[in-house]
Structures are given as structure tokens and as C-alpha cells.
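Hydrogens, waters and symmetry mates are skipped; everything else that's a heavy atom, side chains included, is used. Numbering of residues begins at 1 and proceeds along the displayed sequence.
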Amino acid sequence: MGASAGVGAGPGPGVDPGAGAGAGAGAGVAAGVPGARVAAELPRHGLDRAVFMAIAAARGGPEAVRALRAGQVSKRALLLLALERALPDGPGRADFEQAYAELRALRATDPPRWEEILLRPELDAWTADCLRGLTAGEAVAPGVLGEFVRAGRRGEPVPLECDGLRWTPVIDHLGPYRASYGRPTSGPLEAAELAAWRDALAQAWRILATRHHRHAQAVAACVTTLVPLRPAPGGEAVSAAARRAYGSVAASRPDDPVLLALALVHEFLHIQLGALLDLVPLHRPNGAAVYHAPWRPDPRPVGALLQGAYAHLGVAGFWHAELVAGASDQDRAERESSRWRAHTAAAVGTLLDSGELTTHGRDFVSELGRAVRRLG
């Protein structure tokens, strides 16, 4: 995937633009679709082999987050450049051009602000929707870019600190451009519900920081936004992540803070794998073939099975850590750790037998399987 010079994007920390095409020991993992043409002036992202394998084992930590975040910055820069080139003359074009120029200027005058705007979870989905609308001949609102550039974050910041680890997510219960999570969102929230969310996040953060330190570091580095969801019709807690909303976890508020901590880990791993897939194809495009997923009654395409296996490696590891720490309900921790370890191992075998993984994908899933076995 090439970075766009149009908004000043380039390789960020942890990114090796000269990474080689091989995936052998010591080699880099080159980003992008093999054989794709990239303009000579655009740098290529890549991942250090060790970072790639650490991500596969769900142990990448902040270093992996930095590398994947750099890819997301470039992705959004390319989307905005594509929108700038595709916009016809007409209503909204002048407003977009002004906001786009302001954003480009920030790359030189205030790089942290420039990156913060590009990494707004909702910017990706909004830009992609505009491009789809233009392709379909529909009306779009390109002037909305000015709201991203000039307005601050909407929602309630929640500063958290435990054991020296700090995290300040924003509870986004107001944003008009929140991505679709497949479930109804909840908001605007009343003061009492916001207070309950702050307390729930503080308890969940204490659990992560004290018993799941590595995941806490990664969540703090990646997750910027919590979007409240309505519970399931039966009252069960739900959570979700959206491929086009990097950095955002959506969840309903469970009564048990352990379950909220688990949801943060589970959805963070979905976010992390989505960001990796934006850089490195791990499987062929989803076709007609579907496969058994041990955690669902319906068969899933290869991409969904890979997402599920990866996130459930995190679930199995979470309960294993709870068991080792002697925390939480030990019977529940042992039962859930064993259950999700078995489900994930079965999915790994299905993925390796599918014939749909790329070379890097086989390396990734093989390491995922080794991580599952280490939990045993």
C-alpha cells in the first residue's frame, strides 16, 4: 500500500518502507497486494518479521500498534486524495478544497493534530461512503471534511490510570458519523448513564492493567473511542468492531467489569487484524466457500473465520490469565479458557486446510496455532 504525498503521508514509527518481499527468518513482510503497481514516489509500508509474528500470537503490543497505525494514516490520506480527485465541480467542492488545504498544512505545522484528524474512527467510513456515492451518481456532502478538521472530538473523555498505565478513551454517544457496528447504538446518554460508563471503564481498566498488562498497553495505544450500544433484546451484553472504524470499540455496558475488560481485548484484536489486512493480504478474496466456525451455527467465509479465530485466541488467553492470576471466578475462568482454546484450535486447522491462505497467511495462522497450544 503506497502512502500519499497529497496529504503528506509517509512511513511512521515501526514501519520499514524497504521491507523485502520474503517472509523468511529476518525478512520483512511487504505490505500491499503482490504485483500491484505503486507510483515510484510513494513509499511502501512493511512489517518487521518479528512484529508480524508477534501480532499473529496476539502479543504485538504498542510496537505493533505503531506500525499498523502508520498504515491507517496512509490509508486515510489515500482515501482523501482519491475523494479530492473524484469530486466534480458543484456544491461542496469549494468547502472540501478549503478543509483539505488546511489538513495538508497541518502536516507541516502540527503533525500530531494532522494524525489525530486522519485517525478519527469515523473518517474512514465517511470518506469511503462519499467515494461509493460518487461512483453510484448519488449526492454526497464533501464539506463535512471541515467538521473533522476544525471541530474537536465529540463525546465524553474518560482519563484512566492504574499501575502507571494511562488511557483516555472518549465515549462517543453524540457523533453523527459513527460507523455501522451491526447493532443499534445508544445515545445521547443522560448524565447518570455517562457516570455509570465512567465507573465501568475504570473497573475494566483496573483489571486489564493489573492482570493483562500487555493487552492493556496495546488497548491504550490503539483504542481511542468507546461507542455505547444497546444490549441484545434478551438483555445480554454485546460488543463489536467495524473494519472501517480503526480505534473504536462499540459495546453495551455489562454488569460484570471482567466482561467489559474481555470485550475490550476481543474487539481490539478484531481492530488489529483489520489493520493488518489493510497492509498484508492473508487470504484470497472471500468466495463461495464457507467453513464451520465452532462458535456459530452458520458457516463462515474464510475471512470471517480468520477474524473469529484470531479474536478468540485473545479470549482464550484472557481467561487463561484470569485463571493463572487466581482472580475472578476460577471455575468460569477454567471452563472458558478450555472452551475457547479448543474452538480456536479447531478453526486454525480448518483455515490451514482451506487452501485459501496466502503464504503470509499460512505463516500467520500457523503462529496463531502455536500460541493456542502454548496456552495449554
[X] versus [Y]: any side-chain heavy-atom pair under 4.5 Å?
X	Y	answer
Leu83	Phe96	yes
Pro228	Thr185	no
Leu194	Ile171	yes
Leu276	Leu47	yes
Pro299	Tyr291	no
Asp95	Pro142	no
Leu351	Leu368	no
Trp126	Leu79	no

* **Given Trp340, Phe318, Trp319, the one that forms ring-ring contact (aromatic ring centres under 6.0 Å, His included) with His312** =>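 When ring-ring contact (aromatic ring centres under 6.0 Å, His included) is applied between His312 and each of Trp340, Phe318, Trp319, only Trp340 qualifies.
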Let me have the donor-acceptor pairs involving side chains of residues 217-227, under 3.5 Å, with sequence neighbours excluded, atom names and distances please.
{"residue": "Thr224", "atom": "OG1", "partner": "Gly247", "partner atom": "O", "Å": "3.4"}
{"residue": "Thr225", "atom": "OG1", "partner": "Arg153", "partner atom": "NH2", "Å": "2.6"}

Keeping the roles fixed (side chain from [X], backbone from [Y]), state whether a donor-acceptor pair exists under 3.5 Å.
X	Y	value
Asn286	Gly303	yes
Arg284	Gly355	yes
Ser252	Leu229	no
Arg132	Thr127	no
Arg230	Ser186	no
Tyr310	Leu305	no
Asp163	Leu165	no

Stepwise side chain to side chain contact (heavy atoms under 4.5 Å, CB included) check, Trp167 with Val158 = CA-CA 8 Å; Trp167 181 40; Val158 184; over 6 Å; no
So which pairs with a foot in residues 201-216 pass salt bridge (charged side-chain N to carboxylate O under 4.0 Å, His left out), sequence neighbours left out?
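Every pair satisfying salt bridge (charged side-chain N to carboxylate O under 4.0 Å, His left out) with a residue in residues 201-216: Arg211-Glu322.
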Determine which pairs satisfy salt bridge (charged side-chain N to carboxylate O under 4.0 Å, His left out) with at least one residue from residues 286-302, sequence neighbours left out, and list them in order.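 Listed once each, the pairs are Arg296-Asp298, Asp298-Arg300.
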Side chain to side chain contact (heavy atoms under 4.5 Å, CB included) with [X]: which residues, sequence neighbours excluded?
X	answer
Arg253	Glu193, Ala196, Trp197, Ala200
Glu334	Leu323
Asp199	Gln203

Nearest-0.5 Å distance, [atom1] of residue [X] to [atom2] of residue [Y]:
X	Y	atom1	atom2	value
Tyr100	Arg93	OH	CZ	10.0 Å
Glu336	Arg339	CD	CZ	5.0 Å
Leu68	Leu273	CG	CG	9.5 Å
Tyr246	Arg76	OH	CZ	9.0 Å
Leu262	Ser239	CG	OG	7.5 Å
Thr350	Leu306	OG1	CG	12.0 Å

Do you know which two heavy atoms are closest between [X] and [Y], and how far apart they sit?
X	Y	result
Ala64	Ile55	CB-CG1, 3.5 Å
Arg374	Ala57	NH2-CB, 3.8 Å
Pro301	Val290	N-CG1, 4.0 Å
Ala58	Leu269	CB-CD2, 4.0 Å
Leu174	Gly155	CD1-N, 4.3 Å
Ala99	Val149	O-CG2, 3.8 Å

Is a salt bridge present between [X] and [Y], judged by a nitrogen-to-oxygen distance below 4.0 Å?
X	Y	value
Asp278	Arg244	no
Arg150	Glu102	yes
Arg154	Asp172	no
Glu367	Arg362	no
Arg66	Glu63	no

*asked:* For Glu190, is the CD atom crowded, meaning more than 12 foreign heavy atoms sit under 6.0 Å from it?
replied: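 Counting other residues, nucleotides and ligands, CD of Glu190 stays at 12 neighbours or fewer.
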Practice prompt. For the pair Glu156 and His173, evaluate side-chain hydrogen bond (donor to acceptor under 3.5 Å, both in side chains) and give the outcome as yes or no after the intermediate values.
Written response: CA-CA 8 Å; Glu156 177 85 3; His173 62 115; 5.4 Å; no
Check: Checking side chain to side chain contact (heavy atoms under 4.5 Å, CB included) for the pair Met53/Phe364: CA distance, chi angles, key distance, verdict?
Finding: CA-CA 7 Å; Met53 298 302 275; Phe364 184 92; over 6 Å; no
Q.
Hydrophobic clustering (ILVMFWY, side-chain heavy atoms < 4.5 Å, transitive) - are Val170 and Leu201 grouped together?
A.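 No, it is not one cluster - the side chains of Leu201 and Val170 are not joined through contacts under 4.5 Å.
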Using side chain to side chain contact (heavy atoms under 4.5 Å, CB included), reason through Leu103 and Leu118 one step at a time and then give a plain yes or no.
CA-CA 9 Å; Leu103 181 59; Leu118 285 178; 4.1 Å; yes
- Item | Stepwise side chain to side chain contact (heavy atoms under 4.5 Å, CB included) check, Leu375 with Ser337 | CA-CA 9 Å; Leu375 291 176; Ser337 176; 5.7 Å; no
Open item on the list: Please determine whether side-chain hydrogen bond (donor to acceptor under 3.5 Å, both in side chains) holds for the pair Ser248 and Tyr181, giving the CA-CA distance in whole Å, both sets of side-chain angles, and the decisive distance to 0.1 Å.
Closed with: CA-CA 10 Å; Ser248 179; Tyr181 296 93; 2.7 Å; yes
